[in-house]
Trainee: 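So that we are looking at the same thing, I have put the structure below in structure tokens.
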There are 2 protein chains.
Amino acid sequence: MAHGGKPRPMKGIRQLAEHLDISIGTVSRALNGKPDVNEETRKRVLAAAEQLGYVANQSGRSLRQGTTNVIGLMIQSSRETVENSDNFFLTVTGGLQSVFSRHNLDLIMLPCPHDEDPYEYLKRMVARRIVDALILSETQRVDKRFDMLAKAKIPFAALGRSLSGVQHPWADLDFDGVANCAVDRLVAHGHRRIAISTPASDINLGFVFVEGYRRALERHGIPYDPALVIRAKSSEQGGYQVADELLGLKDRPTAVILIYELMAIGFYRRVMEAGIIPGRDVAVVGFREAPRAKFLQPTLTCFRTSLHDLGVELAEILLSSMPAYNHIYPNTKRQRTWPLELVPGESDAFHLTTGK
Amino acid sequence: MAHGGKPRPMKGIRQLAEHLDISIGTVSRALNGKPDVNEETRKRVLAAAEQLGYVANQSGRSLRQGTTNVIGLMIQSSRETVENSDNFFLTVTGGLQSVFSRHNLDLIMLPCPHDEDPYEYLKRMVARRIVDALILSETQRVDKRFDMLAKAKIPFAALGRSLSGVQHPWADLDFDGVANCAVDRLVAHGHRRIAISTPASDINLGFVFVEGYRRALERHGIPYDPALVIRAKSSEQGGYQVADELLGLKDRPTAVILIYELMAIGFYRRVMEAGIIPGRDVAVVGFREAPRAKFLQPTLTCFRTSLHDLGVELAEILLSSMPAYNHIYPNTKRQRTWPLELVPGESDAFHLTTGK
DNA sequence: CATAGTATCGTAAACGTTTACGGAGCGCGT
DNA sequence: ACGCGCTCCGTAAACGTTTACGATACTATG
């Protein structure tokens, strides 16, 4: 109240302290909710901080307590994923944030440049200590990043499984279950030659997907034919290419399972060029539901899920493995396959033999 | 060489210094390329740092020199954009990074949660001093964020224009030019009633787009009819809705300009439901080129550009307005409309009156 | 030889916090 | 009167850097 006037830009906690005629230590304690401070003075401090617009300098705080209150989500804008991944990550991000924000944690995205090795990039980010914990995506089959983070004792969780040695927390879409469900449905509709698409890179989800497919076939006593597993980019072009390859086979499949729903657009196009009509001559099942898949004709059979809720789950998994928070999120299951729900469409609604 | 063994995890510059038997100050100078250090010792220091995997702690550095070497790209995953942002941000990010990495600057993405006011979110991020400079996207017509950053003296650039008071650096797609070009082309093909779509929110690009359209019409002596400006979401559904609204008009337009190419999918669908064939009965022009637009039939006339290069330009614009870098990037033009190139398709290739 | 200049390095202060530690004041029971 | 425990607060050290400043050794110059 003494030297009134406009709230000048705060320089630091020291100014705030001498404005209040309290010691700097007490101010800090008051702001951080420490117990040994009079409730009355705490109110004063909080009010003054609010009024003067004081916010603790993150660098000072991090330096002292070795914590940043920031969680990093690493994404690799690899050439393949960059074509279709934005909505995916942004939606999951929404779920993550809804949990983190409750604990005053901020989420930042760490986009690894195309031309940099993801491992080196991550190492740099870790060394900089800009984040307290990490969420990794686009997990490789064997992923050195996990071992590195484990060794560096940085808490992390993965959006996607991996076969790495370390037992890490993760949440992942249930590729296995989807492949199973798709095969079951197609077999029930009379199909025996069923093709499947998988990403070209050695990202782990492709293996899980194909493995689920393989086991489902086995269950139905259908031989596994490697020629029916097509590697292609997860894009329209990829779908086009898948159709192209399958059309070239001597013994063509009667059904196909696509790992990404957008591929159906290209797939439809290519087979129609060959006079084959999806939903009548060939059955098509897509993976995730996307708004644009709704506009396909015939409508695409695919799988629905809430990526937002997946983000929520993943955030809780991460927090449960952070020492500072695992009392809030007790040791829940730290590895979670996220279910998807079948959305029947017209693209595989016919029965192969009866033709209806 | 003395106490050999595995490179233990570095604790700090101090350990590195005593490992080399040099003073901590010299080590710091050597690492940072300061002049007054022997080239020979510098080599030794760099080698040791590399070998021991030492990387400067960012908190300590930031605290001392008030700089973080991090640039933030703020994105708002607003409900509308999240559905269609596609690869847009990730592609621009690639361009940004290719420039920033040359200066040892890292880019992080700051995703503003749905439920938080972007202004408050930004204020918090600024107060935390986690970034040196900012790139703002999805600029509003009047955008308080600009004034705030200007007042706080945080360097920034915008991906998109704004009408705010402050004269800020920006790079933006040439919505104006695109609208002009599209109108010119359609008029040349005999059209006089031309509709246009614009986003529902008060994001600035919509205004620029429609304004360019209005002026182009004026140039051709065609009256501006507000009924032909349709507000819709930039998605397939939005395109569907645009077609729906236009079909309801008594005096239907013969051509439409869509602000987002994906809208064409929904637009095509709706008009075909009404027995109207795009490219024959109605002319369609889309905005940006996207892989999936290639799969439309008839092919969509749209506009191509390199979003990566736009990112490069934007990065340079930002650096040129940062005190520490503007000697490297001299005062280039700090406001840049980014050109797009027409990609003629079949969707507007016919002449209205001759019908060919 | 004295002096000035140069190249290289060490010392210590500073950046803004948090927190361990101790001290002052007070009430209370013996 | 004394000691004890409790509440509240001030002091100062520490986190890991960078950098202004001064110190040293050496070279060149007169």
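In the text below, chain A, chain B and the rest are named by the order of the sequence lines, each starting its count at 1.
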Trainee: Regarding D:dG16, can its base be found pairing with the side chain of A:Arg64 as donor and acceptor, where the two atoms are less than 3.5 Å apart?
Mentor: no

Trainee: Within this structure, what is the CD1-to-P distance between B:Ile24 and D:dG16, rounded to whole angstrom?
Mentor: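 Nearest whole value for this atom pair: 10 Å.
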
Trainee: How many angstroms lie between CG in B:Leu122 and CE in B:Met148, if you round to the nearest 0.5 Å?
Mentor: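 Result: 4.0 Å between the selected atoms.
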
Trainee: So, do A:Tyr329 and A:His103 have ring centers that fall under 6.0 Å from each other?
Mentor: yes

Trainee: Using a cut-off of strictly less than 4.0 Å, decide whether B:Asn57 has a side-chain nitrogen or oxygen near OP1 or OP2 of D:dC15.
Mentor: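 No, because none of the side-chain N or O atoms of B:Asn57 sits under 4.0 Å from OP1 or OP2 of D:dC15.
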
Trainee: Here's a test for you: under side-chain hydrogen bond (donor to acceptor under 3.5 Å, both in side chains), which of A:Thr139, A:Asp172, A:Asn204, A:Asp143 qualifies with A:Arg161?
Mentor: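 The single option meeting the side-chain hydrogen bond (donor to acceptor under 3.5 Å, both in side chains) with A:Arg161 is A:Asp172.
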
Trainee: Among B:Leu159, B:Leu73, B:Asp309, which residue meets the side chain to side chain contact (heavy atoms under 4.5 Å, CB included) test with B:Leu314?
Mentor: B:Leu159

Trainee: Evaluate the side-chain contact (heavy atoms from CB on, under 4.5 Å) criterion for residues B:Glu39 and B:Arg42: first the C-alpha distance (whole Å), next the side-chain angles of each, then the deciding distance (0.1 Å), finally the verdict.
Mentor: CA-CA 5 Å; B:Glu39 270 314 313; B:Arg42 166 165 323 196; 3.9 Å; yes

Trainee: With a 4.0 Å cutoff (strictly under), does any side-chain N or O of A:Ser28 reach OP1 or OP2 of C:dT18?
Mentor: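 True: A:Ser28 side-chain N/O within range (under 4.0 Å) of C:dT18 OP1/OP2.
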
Trainee: Classify the side chain of A:Arg29 and the base of D:dG10 as holding, or not holding, a donor-acceptor pair under 3.5 Å.
Mentor: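 Such a pair exists between side chain and base.
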
Trainee: Using a cut-off of less than 4.0 Å, is there contact between a side-chain N or O of A:Thr26 and OP1 or OP2 of D:dC9?
Mentor: no

Trainee: Do any side-chain nitrogens or oxygens of A:Arg61 fall under 4.0 Å of OP1 or OP2 in C:dG16?
Mentor: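 The answer is no; no side-chain N or O of A:Arg61 sits under 4.0 Å from OP1 or OP2.
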
Trainee: In whole Å, I'd like the distance from the CG atom of B:Leu31 to the P atom of D:dT17.
Mentor: 9 Å

Trainee: Quick one: is A:Gln65 getting a side-chain N or O under 4.0 Å of the C:dT17 phosphate, OP1 or OP2?
Mentor: no

Trainee: Would you mind reading off the distance between A:Leu16 atom CG and C:dT18 atom C1', rounded to a whole angstrom?
Mentor: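 Taking atom C1' of C:dT18 as the reference, CG of A:Leu16 is at 15 Å.
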
Trainee: All N/O contacts under 3.5 Å from nucleotides 22-26 of chain C to the protein, with atom names and distances to one decimal?
Mentor:
none

Trainee: If you look at every heavy atom in A:Ser320 and A:Asn326, which pair is closest and at what distance?
Mentor: O-CB, 3.1 Å

Trainee: Cut-off 3.5 Å, side chains only: do A:Asp132 and A:Thr68 have a donor facing an acceptor?
Mentor: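 There is such a pair between these side chains.
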
Trainee: Using atom CG of B:Leu63 as one end and atom P of D:dT17 as the other, report the distance to the nearest whole Å.
Mentor: 12 Å

Trainee: Other residues, nucleotides and ligands only: do more than 12 of their heavy atoms fall within 6.0 Å of CD on A:Glu120?
Mentor: yes

Trainee: Within the 3.5 Å criterion, strictly below it, is a donor on B:Ser62 or B:Gln58 matched to an acceptor on the partner's side chain?
Mentor: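 A pair is found: one side chain offers a donor N or O, the other an acceptor, under 3.5 Å apart.
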
Trainee: Are any of A:Lys34's side-chain N or O atoms less than 4.0 Å away from OP1 or OP2 of C:dT18?
Mentor: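 Negative; the distance criterion is not met.
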
Trainee: Starting at atom CD1 of B:Ile13, determine the distance to atom C1' of C:dG10, rounded to an integer number of angstrom.
Mentor: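 It works out to 13 Å between those atoms.
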
Trainee: Is A:Tyr54 close enough to C:dG16 that one of its side-chain N or O atoms is under 4.0 Å from OP1 or OP2 there?
Mentor: no

Trainee: Could you state the atom-to-atom distance from CG of B:Asp21 to C1' of C:dG10 in whole Å?
Mentor: 13 Å

Trainee: From CD of B:Gln15 over to C1' of D:dC15, roughly how many Å is that when rounded to an integer?
Mentor: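 For the pair B:Gln15 CD and D:dC15 C1', the rounded distance is 14 Å.
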
Trainee: Between residues 38-48 of chain B and DNA chain C, which residues have a heavy-atom gap below 4.0 Å?
Mentor: B:Asn38, B:Thr41

